[in-house]
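Take a look at the structure set out below.
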2 protein chains.
Amino acid sequence: MANPEPSELGPGLSEQVAEALRERIISGQLPGGSKLNERELSAELQVSRIPLREALPLLEAEGFIHSEARRGSFVHTFTLRDAVEVFDLRLRLEPFAAQCAALRVAGGASPEDLLASLEFARTGVPGEQASGRNSDLHEEIVRLADHDLLRRLSSLLNGRVRWLFRLTPERDTPGMWEEHAELVHAIAEGRPALAEALASAHVERGRHASLPHLSERLPSEPVPRRGRKTRSPA
Amino acid sequence: MANPEPSELGPGLSEQVAEALRERIISGQLPGGSKLNERELSAELQVSRIPLREALPLLEAEGFIHSEARRGSFVHTFTLRDAVEVFDLRLRLEPFAAQCAALRVAGGASPEDLLASLEFARTGVPGEQASGRNSDLHEEIVRLADHDLLRRLSSLLNGRVRWLFRLTPERDTPGMWEEHAELVHAIAEGRPALAEALASAHVERGRHASLPHLSERLPSEPVPRRGRKTRSPA
DNA sequence: CCGGAAACTTTTGAATACCAAATAGCGCAA
DNA sequence: TTGCGCTATTTGGTATTCAAAAGTTTCCGG
């Protein structure tokens, strides 16, 4: 019944469910504080409760939701503090990723995928999906770094990065593309120290540019607790 | 049947299952390359397949196992490269945690839990479970840092840290306790820059002391592929 | 005697049905 | 109006079942 495509050799149904929920949360379709009703969601996503219940612990580990025993799962409310924390950790991980990537290039790895990603980011429509292209670039750096544990930590961080970027559409700071280009070229030339420093500067500039906007738009605390099931109407 | 304790208001069954498997993997009871048979394990742990299948994706996100579609889950083989990666990321995260914790103390937070943890680490039996006490101290620092995203990334890292420590029993380097004491006191005095630097030095010393031992004991690559179901006998 | 194809078996992925416990909302009474 | 108890929904978990894919074994032909 729930199997219109017999050859689902993809990433497993529970991960598809997790990704679908992730997107709904990031897009604001499921606002902070929403209760995730298992039956409702499994009906909506056309799956049984099994893959859904496999997806929820993943989303909880990523900080998208939090579950209380016997009370259900609720969408996390993204606060200003969360935004600060994202920048805190990007500032620690992205310079390391850049350093690793540059070291790999210096050791003989090819940066062509990274350069292609930069080119793709440049040729895209200026305002359209700038956040997605930004994330893609950073993911490409992590891939080039070829560091398994870094990849895991980054993917955990990345969900929140995407969430944050969705909340700040005016991220097309003039000069940001130049920063990306400088960083990518430092990596492509195999200069780890320069790449690390540029990545630090890039994150720090992003923090400085974003936080003023965010402090107006984000709540400072998760909203005490209101009555009914917090769902957005159709 | 599988409910001898009716008041399981604890951390949820799937997390208990995850923790049990984590322990078996870290302790070597489930060696690298072992196939995790769902039926076998659920029978052994006295649970149904549901909590088990909720636990497996968590273990996969932590890098303890890797799952191939329709082929099952296999215990990750801890290699020398993994050990290097653990130190790489401890070197980035623990200094930040120490800095945060010291800042919190400077802002008025009480370091008493951290000092108690240090005292407990000192009064324990020297050789007995040194690894556990070491991890506890670092977890206490992260707790004091009061940084949600850092906590999540650290908990992901922590599983591998414990795994690594179990593989190196001779971690009681003389002077390690002094390092810990210095670090804790820098935090307790609210000196972020000093705490950060000491944490960096601590991790770097640990790397230098451990890697020579590890390079003899750990495989360089995951072992091509063994014959049958790789299980240790009872 | 060895290699390959077909049939069989095992195991995973997923659905369905079901149950117990606990929370939450509701009505009722003081 | 406010506090209390009842009902009803929902979660956490089990057992059972099914389809499909992977692995294994067997058997036949060269």
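A quick note: this is a predicted structure, and the numbers were derived from the prediction, not measured. All values below were derived from every heavy atom in this structure, side-chain atoms included, with hydrogens, water molecules and symmetry-related copies excluded. To find a chain, count down the sequence lines: A is the first, B the second, and so on, and within it residues start at 1.
For the residue pair B/N158/B/S155, the side-chain donor-acceptor check at 3.5 Å is not satisfied.
In terms of polar N and O atoms assigned as donor or acceptor, the side chain of A/R70 never comes within less than 3.5 Å of the base of D/dG13 in a complementary pairing.
Counting all heavy atoms, side chain and backbone alike, B/R90 lies closest to B/V161 at CD-CG2, 3.9 Å. A/E140 approaches A/L114 most closely through the heavy-atom pair CG-CA, 3.6 Å. Annotation for A/L157 and A/V86: closest pair CD1-O, 4.4 Å, computed over non-hydrogen atoms.
The nearest whole Å value for the distance from the CZ atom in A/R53 to the C1' atom in D/dT10 is 11 Å. Between the CZ atom of B/R39 and the P atom of C/dT10 there is a distance of 11 Å, given to the nearest Å. Between B/I50 atom CD1 and C/dC18 atom C1' the separation is 13 Å, expressed in whole Å. Across the protein-nucleic acid pair, B/E54 atom CD and D/dT14 atom P stand 9 Å apart, rounded to whole Å. As a whole-Å value, the separation of A/L13 CG from C/dT12 C1' is 13 Å. Following rounding to the nearest Å, B/R49 (CZ) and C/dT16 (P) show an atom-to-atom distance of 16 Å. In this structure, B/E60 atom CD and C/dT12 atom P are separated by 14 Å, rounded to whole Å. Atom CD of A/E40 and atom C1' of D/dT9 are 13 Å apart (whole Å).
Nearest nucleotide to the side chain of A/E38, out of D/dT11, C/dT16, D/dT14: D/dT11.
Considering only side-chain N and O atoms, B/K35 lies nowhere under 4.0 angstrom from the phosphate OP1 or OP2 of C/dT11.
Using a 4.0 Å heavy-atom distance criterion, B/L36 is classed as a sugar-phosphate-only contact.
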